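The structure appears below as structure tokens.
By convention here, the first residue in the shown sequence is residue 1. None of the values given here were measured: they were computed from a predicted structure.
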Amino acid sequence: MLHSRKKTLATQKMLGEGAMDRSSPGRAPCVLAMHGFTGTASELGPLLDAIVAAGYALEAPLMPGHGASADQLQDLRFDDWASAMRARARDAVVSHGRVVYVGFSLGSLVAMHLAAEAPPGLVGLVVLGNALTLHAYASVPFAAFERFGWKMPDAYFVKVRAADMRDRAAAAKIATYDRHPMRAAQEVYRAGKRVRGELARITCPTLVLHGTHDHVCPPKNARWLAENIGTRDVVTRLYANSAHMVAADHDRDAVARDVVEFLARL
């Protein structure tokens, strides 16, 4: 259901009770984790727990416009999110020498965009539920707006549920906005097109993870990414019991194990 800004400001709220952001000391490589659109670090909670338990340094900040109110996200652009994470990545390299980007959904696009710049200190990339394309229910309307040059209104789409997950109990732990700011959501669609053209420049070892029941970003994105990324050191894992938020869904233990093994190899 779409709402105008006036109505949204009076009714919007945060859903869930998970951690907004996280930071933990540890050894290199430092993991810089990037959450999804309208989300927080809670989307990656079990995975971040495993990374910290394995002794690695962790930075999982909120991206601009997140963790407060959805209207603060509405007029931000992809470059705003990328610039903020680029600065955090530089700090991580200064502190730890080596960094691994871990990105989920919108965060996957930011992580891949930054990885394509081949920054000093980057030694690995992990992408979960990558958003290189969106399912048709989202991509078709956005494509129409782009094709005909229509201006996206200042509108908000109220979520049917907090998280695309099969584990309903775990979904209650996800802290997220209760609605999508549509102008900002269009930026995610545009960023997918932009990052698809940058993949050939990514040369670091890469781990691609995706839930087979993802209703936000098609599972075929995982295979397409693996076939078009610049590095040949790429491993793909699909998880049969998980939807979009694969790091927190039924396969969370397997996801955490695969990522920690990847970090150990690096």
List, one per line, each side-chain donor-acceptor pair under 3.5 Å for residues 256-266, sequence neighbours excluded.
| from | atom 1 | to | atom 2 | distance (Å) |
| --- | --- | --- | --- | --- |
| Asp258 | OD2 | Tyr239 | OH | 2.6 |
| Arg265 | NH1 | Asp233 | OD2 | 3.2 |
| Arg265 | NH2 | Asp233 | OD1 | 3.2 |

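- Between the side chain of Asp164 and the main chain of Ala243, no donor-acceptor pair closer than 3.5 Å is present.
- Checked by atom type and distance alone, the side chain of His35 never pairs as donor or acceptor with a backbone atom of Ala33 at under 3.5 Å.
- Contact of the Val102 side chain with the Leu47 side chain is registered, since non-hydrogen atoms from C-beta on lie closer than 4.5 Å.
- Side-chain atoms of Asp178 do not come within 3.5 Å of backbone N or O of Leu15 as any donor-acceptor pair.
- Listed by first and then second residue, the salt bridge (charged side-chain N to carboxylate O under 4.0 Å, His left out) pairs that reach into residues 124-139 come to none, sequence neighbours excluded.
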Test log, rule side chain to side chain contact (heavy atoms under 4.5 Å, CB included), inputs Leu62 and Thr40: CA-CA 6 Å; Leu62 278 169; Thr40 61; 3.8 Å; yes
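- A distance-only check finds a donor-acceptor pair linking the side chain of Ser42 to the backbone of Ala175 [under 3.5 Å].
- Residue Trp81 comes nearest to Ala184 through the heavy atom pair CH2-O, 3.9 Å, listed as atom of the first residue, atom of the second, then distance.
- Annotation: side chain of Trp224 is not in contact with side chain of Asn130 (no heavy-atom distance under 4.5 Å).
- Applying the salt bridge (charged side-chain N to carboxylate O under 4.0 Å, His left out) definition to pairs two or more places apart or across chains, those involving residues 141-151 are Glu146-Arg190.
- The salt bridge (charged side-chain N to carboxylate O under 4.0 Å, His left out) check on Asp253 picks up nothing, with sequence neighbours excluded.
- The salt bridge (charged side-chain N to carboxylate O under 4.0 Å, His left out) contacts involving residues 206-229 comprise nothing, where partners must be two or more places apart or lie in separate chains.
- Using a 4.5 Å cut-off on side-chain heavy atoms (C-beta onward), Arg232 and Ile229 make contact.
- Taking Phe148 as the reference, Trp150 meet the ring-ring contact (aromatic ring centres under 6.0 Å, His included) condition, with sequence neighbours excluded.
- Applying the ring-ring contact (aromatic ring centres under 6.0 Å, His included) test to His96 and every residue at least two apart in sequence or in another chain returns nothing.
- Applying the side-chain hydrogen bond (donor to acceptor under 3.5 Å, both in side chains) rule to pairs touching residues 97-108 yields Ser105-His244, sequence neighbours excluded.
- Under a 3.5 Å cut-off, the side chain of His180 and the backbone N or O of Tyr156 do not form any donor-acceptor pair.
- Side-chain atoms of Gln74 come within 3.5 Å of backbone N or O of Arg183 as a donor-acceptor pair.
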Working for side chain to side chain contact (heavy atoms under 4.5 Å, CB included), residues Leu134 and Cys217: CA-CA 5 Å; Leu134 305 176; Cys217 302; 4.0 Å; yes
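- Between Leu114 and Leu32, every side-chain heavy-atom pair lies at or beyond the 4.5 Å cut-off.
- A continuous path of hydrophobic side-chain contacts links Leu132 to Val208 [ILVMFWY only; heavy atoms under 4.5 Å].
- Listed by chain and number, the residues in a ring-ring contact (aromatic ring centres under 6.0 Å, His included) with Phe78 are His113 (sequence neighbours excluded).
- Linking ILVMFWY side-chain heavy atoms closer than 4.5 Å, directly or via other members, places Val100 and Leu207 in a single hydrophobic cluster.
- Put simply, the side chain of Met165 reaches to within 4.5 Å of the side chain of Ile174, judged on heavy atoms.
- Note on Leu73: it clusters hydrophobically with Met34, by side-chain heavy-atom contacts below 4.5 Å among ILVMFWY residues.
- When all heavy atoms are compared, the tightest approach of Asn221 to Thr133 is OD1-OG1, 2.6 Å.
- Met85 and Leu199 fall within the same hydrophobic cluster, where Ile, Leu, Val, Met, Phe, Trp and Tyr residues are linked whenever their side-chain heavy atoms come under 4.5 Å apart, directly or through other members.
- In this structure a side-chain-to-backbone donor-acceptor pair under 3.5 Å is present from Asp251 to Asn241.
- For the ring-ring contact (aromatic ring centres under 6.0 Å, His included) test, no residue two or more places apart in sequence or in another chain qualifies with Tyr177.
- Residues Met20 and Met14 share a closest heavy-atom pair of CE-CE, 3.6 Å.
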N/O donor to acceptor pairs below 3.5 angstrom from side-chain atoms of residues 115-129, sequence neighbours left out:
| from | atom 1 | to | atom 2 | distance (Å) |
| --- | --- | --- | --- | --- |
| Glu117 | OE1 | Arg86 | NE | 3.1 |
| Glu117 | OE2 | Arg86 | NH2 | 2.7 |

Residues Val99, Arg88; criterion side chain to side chain contact (heavy atoms under 4.5 Å, CB included); working and verdict: CA-CA 10 Å; Val99 65; Arg88 296 300 292 262; over 6 Å; no
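- Ala131 approaches Leu106 most closely through the heavy-atom pair CB-N, 4.5 Å.
- Just one of Leu44, Val246, Asp167 meets the side chain to side chain contact (heavy atoms under 4.5 Å, CB included) condition when paired with Arg252; it is Asp167.
- Between the Thr176 side chain and the Thr38 main chain, a donor and an acceptor come within less than 3.5 Å of each other.
- Across all their heavy atoms, Ala136 and Pro141 have their closest contact at O-CD, 3.7 Å.
- In the hydrophobic cluster analysis, where Ile, Leu, Val, Met, Phe, Trp and Tyr join through side-chain heavy atoms closer than 4.5 angstrom, Phe145 is grouped together with Phe157.
- In terms of modelled atom types and a separation under 3.5 Å, the side chain of His213 and the main chain of Ser242 share no donor-acceptor contact.
- Glu59 places no side-chain N or O within donor-acceptor distance of the main-chain N or O of Ala92, the cut-off being under 3.5 Å.
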Worked verdict on Phe37 versus Glu187 for side chain to side chain contact (heavy atoms under 4.5 Å, CB included): CA-CA 10 Å; Phe37 183 66; Glu187 281 294 296; over 6 Å; no
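- Counting all heavy atoms, side chain and backbone alike, Ala60 lies closest to Leu48 at CB-CD1, 3.9 Å.
- Using a 4.5 Å heavy-atom cutoff, the side chains of Phe104 and Leu209 are not in contact.
- Applying the salt bridge (charged side-chain N to carboxylate O under 4.0 Å, His left out) test to pairs two or more places apart or on separate chains, those with a residue in residues 20-33 are Arg22-Asp49.
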